[in-house]
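Step one of this worksheet: look at the structure below.
To find a chain, count down the sequence lines: A is the first, B the second, and so on, and within it residues start at 1. Keep in mind the model is a prediction, meaning the values are calculated, not measured.
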Amino acid sequence: MSLSARYQPQETETKWYDYWLKKNYFHSEPDEREPFTVVIPPPNVTGVLHMGHMLNNTIQDILIRKARLSGKNACWVPGTDHASIATEAKVVRLLREQGIKKGDIGRDAFLEHAFAWKDKYGGIILDQLKRLGASCDWERTRFTMEPSLSDAVLHVFVNLYEKGRIYRGLRMTQWDPEALTVLSNEEVIYKEENARLFHLKYYRTDNPALFITIATQRPETIMADVAIAVHPQDERYQSFIGKSVFVPLINREIPIIADAYVDISFGTGALKITPAHDQNDYEIGKKHKLPVIDILTPNGKLNEKATILVGQDRFEARKNIKKLLEEAGALEKIEDYRTSIGHSERTDAVVEPRLSLQWFVDMKPFAKTALEAVKSGEVKFYPESMFNMYQSWLQEDNIRDWCISRQLWWGQRIPAWFLKTEAEDENQQVFVGKTADDALKQAIEKTGIASLTLADLKQDEDVVDTWFSSWLWPISVFDGFKDPKEIAYYYPTQVLVTGWDIMFFWVARMIMSGYEFSPELLGAGKIKEKGAMPFKAVYYTGMVRDNKRRKMSKSLGNSPDALALIDTYGADGVRFGVLSSAAAGNDIIFDAPFDLKTQEVLNESKLCEQGRNFCNKLWNALRLLQGWEVTKIEKNDGDHAIAELANQWLDARINQTLVLLQDQFNSYRLSEALITVYKLIWDDFCSWYLELIKPAYGEPIQKKVLDQATAHFEKLMTILHPFMPFVTEEIWHQLKQRAEGEDCVVSVWPSAYEYDKLLIADVDLLKLVTSSVREIRNNHQIKMKEELTLYFQKSMLTIQWLHRKGIKEALCKTSVLNEVSLTEEEIPNTVTFLGGNDKCYLVINTTINVEEEKGRLVKEIEYYQKFISSVENKLSNEKFANSAPADIVNKERQKLADGQTKLKGLMEALTKLG
RNA sequence: GGGUGAUUAGCUCAGCUGGUUUAGAGCACCUGCCUUACAAGCAGGGGGUCAUAGGUUCGAAUCCUAUAUUACCCA
């Protein structure tokens, strides 16, 4: 059967993926083997695959496949996140297009719509991961809002409430006026924007001639002002402290107070205090026992408390109040300035500080645990430098309580009930339990009213933050809160692979929940043996950015279409491309080009092309092997000697590389590992080994040699498999007939054994000499096929070297020589070059341009002269000889000796030329 | 405003514990090859004061300080 000259990924990829699934290779059950567990960072259920996912999941797949080959029980749990705000926003929009309003249809009907939508469109991303080759255990696919995982959320909520770690309180929170929900601080994105600073005059109530000027960027909130604050040491305003002023336009009287919080140098040094609409003002207001006047509606419009501009949107009001202030003579001036303004991560609306009743998790004790876990090394970060960011976040003075309630419907409803009779405020009684019946029992007990029924209770309307379910992910995917059987085996997971952007949202919180809950689920014995951490290591990937260093995102339209890339380059090619520039933690500049005319990103990539070309290279190596005619007759000739040499050498190189690879895997330097394998295959296997064993044209290959080559190729396919699973599986099967279950995906990762370092050095010299001969051919326009004669200067080294079986023959083959011999004499009319420390003389049949040769030699001589003098300098320094370690000094001495030998040879050659 | 990292070839990056590094890789570029596995290839080549200025050291791309540029995080 003859193969196409090019590898066709589209013909093999689906075939092998289906095959792996059919064989159930990705499924894991607890057994006696060591587990290697990875839980996927669950993508949004409504998401589609983008470059970040590609990178992230390629890395996870490499680690999982490597573990599987290494004989571990590899378990990669996939799943999706219900993503409350994002998904609810999408469903709301969809319903609106159909003329349906969320509020009209009610909670239950809305959730029906949402689930229907999720069932229809959700999980597309998981199918896309299959195209990438992700070897997830699909039987274990989980969803953060399925019953079992929701149960876990309720369990944890009740548990923490009972421990006093969850509380309900009136707090300043970040409010999204579009999604109509509070946001956690992490969901607020600050953007640098142009803003205007309004300087407003507030006139004294006791003397209309005096006024104080304040600077504000939010003039529409002056109706909510309750005071003006100045710094107690500010000389300009000493006489104002304790007096009062009128709020412009509405002429409400407010006091002037002194507080050291005020920055004397900012604006006018006087600050209006608006507790309802600014976090800091709220704190100052509380300190000075000032009232709170809230003039905004939940959707960001002015309410009747504003008394003017009622019903107008906050931004419209800002425009309109400017006019009013001007007319009233209260506007002194307007300055432009840059400031950063918080936006909702999901809706991009400008967030509004808002005072509301919310549920919070007390983070102080959690933060301490989470910080200690990484500090102590129980959880390792790759790259380590990520710890700095982690630490700064979790420090005591930085950590803030986690607001977990969201005014949404799509999510786990907060398991708290209130008495219908009580007013909704901070002081109302609350009954927290997993079910309404639990809550009723508590209500009866606490109130002493035995006649209470479920009808007397009403449940909190809010749901919990999405992250309140995903922080349990490493436990809940194994149903750990229900039955410890599986987590007893799989927990802690091995490594978490995620972007650093969700370090606080997710990574830190999983560490917190892991340490909080795993001890009670697993028991002290297991914890002592395996640890309480949810994962032993975190591999932070960088953000994938475009060539302008913008984060690749759907909204910017700067991300190439992941699936289109797979269509063009094959999944293996894309995996290669995406990984090869991705050192841990460093952001990745993905090289997709832009169409200059349309400014649209093209679905092209040089790096993926390189990956595709690599597949093709492998494919053609296979074709080469398949094309050889085989003979069983063994001849003990030169070819045989070369083949033996090549075989032993490649074996040594593979073992040498395996040692390096293990180190690279252990330290998660995967892009380096890929390059290492790439070079082993392309350079060592294809360029040298195959060329060495290749029979002369028309000649057959000895069966033994072909078998050795096949065995090497097979081994290399296992080594490459984690990175490029499809092409390796295809070649694995093309190489020979396979028995049932003998597949690359479940083959055995070779263990490294002792290798012959001297042999590697000897072949390195062979390569060096060959390159020099080829260069000389190039320079003298000598045909590749023309056989030449080469002499080596006789030395201990060259005698030994040429004595090695097969070396001479191999050199003749790679350099196309008819004769290689040793000489003690200078050979005239030859091109002289250095092979290692010794001189080589290449006899060529064209006249030698003496001047050119001299020029070349002089250049080389100059290089070594400089080199030698720098080494001599170092060695002649007494301090160096005294303080440097002996082996370094010896190395320098060796360097000098080698350099001198080389220089001497070159000088002699130059003299010879006359 | 506070903090963290980065700056090495035209581009994207390695270089880990200071010493076989007068610095490596891939892409791009140049020269020559349609050589009977592969032009998605082969052979060869050019290209870097390691951001700048000081310092520590026998020795610095590597450690320290400052500056510049840049990215990000936090408020």
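A sub-4.0 Å separation between OP1 or OP2 of B:A25 and a side-chain N or O of A:W682 is absent. Between B:C42 and A:K617, a contact under 4.0 Å exists linking OP1 or OP2 to a side-chain N or O. Side-chain nitrogen and oxygen atoms of A:R400 include at least one within less than 4.0 Å of the OP1 or OP2 phosphate oxygen of B:A75. Between A:N613 and B:C38, a side-chain N or O to OP1/OP2 separation shorter than 4.0 Å is absent. Residue A:S771 has a polar side-chain atom (N or O) positioned under 4.0 Å from OP1 or OP2 of B:G44. A:K874 has no side-chain polar atom (N or O) that falls below the 4.0 Å cut-off from OP1 or OP2 of B:C58.
Comparing the C1' positions of B:G32 and B:G46 gives a spacing of 15 Å, expressed to the nearest Å. Remark: the separation of the C1' atoms in B:C27 and B:C34 is 24 Å, to the nearest Å. Annotation: B:G44 and B:A61 have their C1' atoms spaced 29 Å apart (nearest Å). Distance noted for atom C1' between B:C63 and B:G19: 14 Å (whole Å). Only the C1' atoms considered, B:C13 is 14 Å distant from B:C50, to the nearest whole Å. B:G47 and B:C29 are spaced 9 Å apart, taking the C1' atom of each and rounding to whole Å. Atom name C1', nucleotides B:U56 and B:C11: the rounded distance is 35 Å, in whole Å. B:U4 and B:G41 have their C1' atoms separated by 46 Å, given to the nearest Å.
Using bins of under 30°, 30° to 60° and over 60° for the plane-to-plane angle, the ring pair A:W682/A:Y678 lands in the tilted bin. Taking the six-membered ring for Trp and thresholds of 30 and 60 degrees, A:F685 and A:F713 have ring planes inclined between 30 and 60 degrees apart. Using a 30° and 60° split on the angle between ring planes, A:Y390 and A:F387 fall in the tilted class, from 30° to 60°.
Going from atom CH2 of A:W500 over to atom C1' of B:C73 covers 7 Å, rounded to whole Å. A:F576 places its CZ atom 11 Å from the C1' atom of B:A25, with the value rounded to the nearest Å. Nucleotide B:A37 holds its P atom 12 Å from the CG atom of A:L625, rounded to whole Å. For the pair A:D683 CG and B:C38 C1', the interatomic distance rounds to 15 Å; values are reported in whole Å. Between A:F504 atom CZ and B:A75 atom C1' the separation is 14 Å, expressed in whole Å. Separating the CG atom of A:D887 from the P atom of B:U17 is a distance of 18 Å, rounded to the nearest angstrom. Nucleotide B:U31 holds its C1' atom 15 Å from the NE2 atom of A:H780, rounded to whole Å. Across the protein-nucleic acid pair, A:E672 atom CD and B:G24 atom C1' stand 11 Å apart, rounded to whole Å.
Taking the ring centre of A:W402 as origin, the terminal cationic atom of A:R509 falls inside the region bounded by 6.0 Å and 45° from the ring axis.
Test A:W500, A:F381, A:W506, A:Y668 against A:Y540 for ring pair (Phe, Tyr, Trp, His ring centres under 6.0 Å) and you get one pass: A:F381.
With respect to the salt-bridge test (charged N to carboxylate O, under 4.0 angstrom), the residues A:R856 and A:E860 qualify. Between A:E691 and A:K694 there is a salt bridge, since at least one side-chain N of the basic residue sits less than 4.0 Å from a carboxylate O of the acidic one. The pair A:E892-A:K895 counts as a salt bridge, with a side-chain nitrogen and a carboxylate oxygen less than 4.0 angstrom apart. With respect to A:K767 and A:D762, no salt bridge is recorded, no charged nitrogen being found less than 4.0 Å from a carboxylate O. The pair A:R669-A:D663 meets the salt-bridge criterion, with a side-chain N (NZ, NE, NH1 or NH2) lying under 4.0 Å from an Asp/Glu carboxylate O.
The side chain of A:Y697 has B:U36 as its nearest neighbour among B:U36, B:U22, B:C73. The side chain of A:N616 sits closest to B:A40 out of B:A43, B:C73, B:A40. Residue A:S687 has its side chain nearest to B:A43 when only B:A25, B:G5, B:A43 are considered. Counting only heavy atoms from C-beta on, A:K694 has its side chain closest to B:A37 among B:C38, B:G19, B:A37. For A:R612, whose side chain is taken as the heavy atoms from C-beta onward, the closest listed nucleotide among B:A75, B:A40, B:A14 is B:A40. Counting only heavy atoms from C-beta on, A:F867 has its side chain closest to B:U22 among B:U22, B:C58, B:A25. Of the candidates B:A25, B:G44, B:A28, B:A28 carries the atom nearest the A:K606 side chain, counting heavy atoms from C-beta on. Of the candidate nucleotides B:A37, B:G44, B:C16, B:C16 has the atom lying nearest to any side-chain atom of A:R669. The side chain of A:K891 approaches B:U20 more closely than any other nucleotide in the set B:U20, B:C58, B:U4. Comparing B:A43, B:U20, B:C38 by their nearest atom to the side chain of A:N778 picks out B:A43.
For the strand RNA chain B, secondary-structure stems (runs of at least three Watson-Crick or G-U pairs, all distances below 3.5 Å) span B:1-7 with B:68-74, B:10-13 with B:24-27, B:29-33 with B:41-45, B:51-55 with B:63-67.
For a distance-only test at 3.5 Å, the side chain of A:E691 qualifies as a donor-acceptor partner of the base of B:A37.
Of the two residues contacting RNA chain B, namely A:G698 and A:S385, the nearest-nucleotide position lying further toward the 5' end is that of A:S385. Where A:S772 and A:Q610 meet RNA chain B, the nucleotide closest to each residue was compared, and A:Q610 sits on the side nearer the 5' end.
Heavy atoms of A:Q781 sit nowhere under 4.0 angstrom from any nucleic acid atom. Looking at heavy-atom distances under 4.0 Å, A:R6 makes contact with a base. Residue A:C615 is out of contact with every strand shown, counting any heavy-atom pair closer than 4.0 Å. When heavy atoms are screened at a 4.0 angstrom cut-off, A:Y863 is found touching base atoms of the nucleic acid.
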Listing time: all N or O pairs from protein to nucleotides 45-48 of chain B that are below 3.5 Å?
unit_1, atom_1, unit_2, atom_2, d
B:G45, OP1, A:E775, OE1, 3.4

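Between A:Y539 and A:Y382, the gap from one ring centroid to the other reaches at least 6.0 Å. Separation of the A:W619 and A:Y7 ring centroids falls under the 6.0 Å cut-off.
With a 6.0 Å radius and a threshold of 12 heavy atoms from other residues, nucleotides or ligands, A:E384 has its CD atom at or below the threshold.
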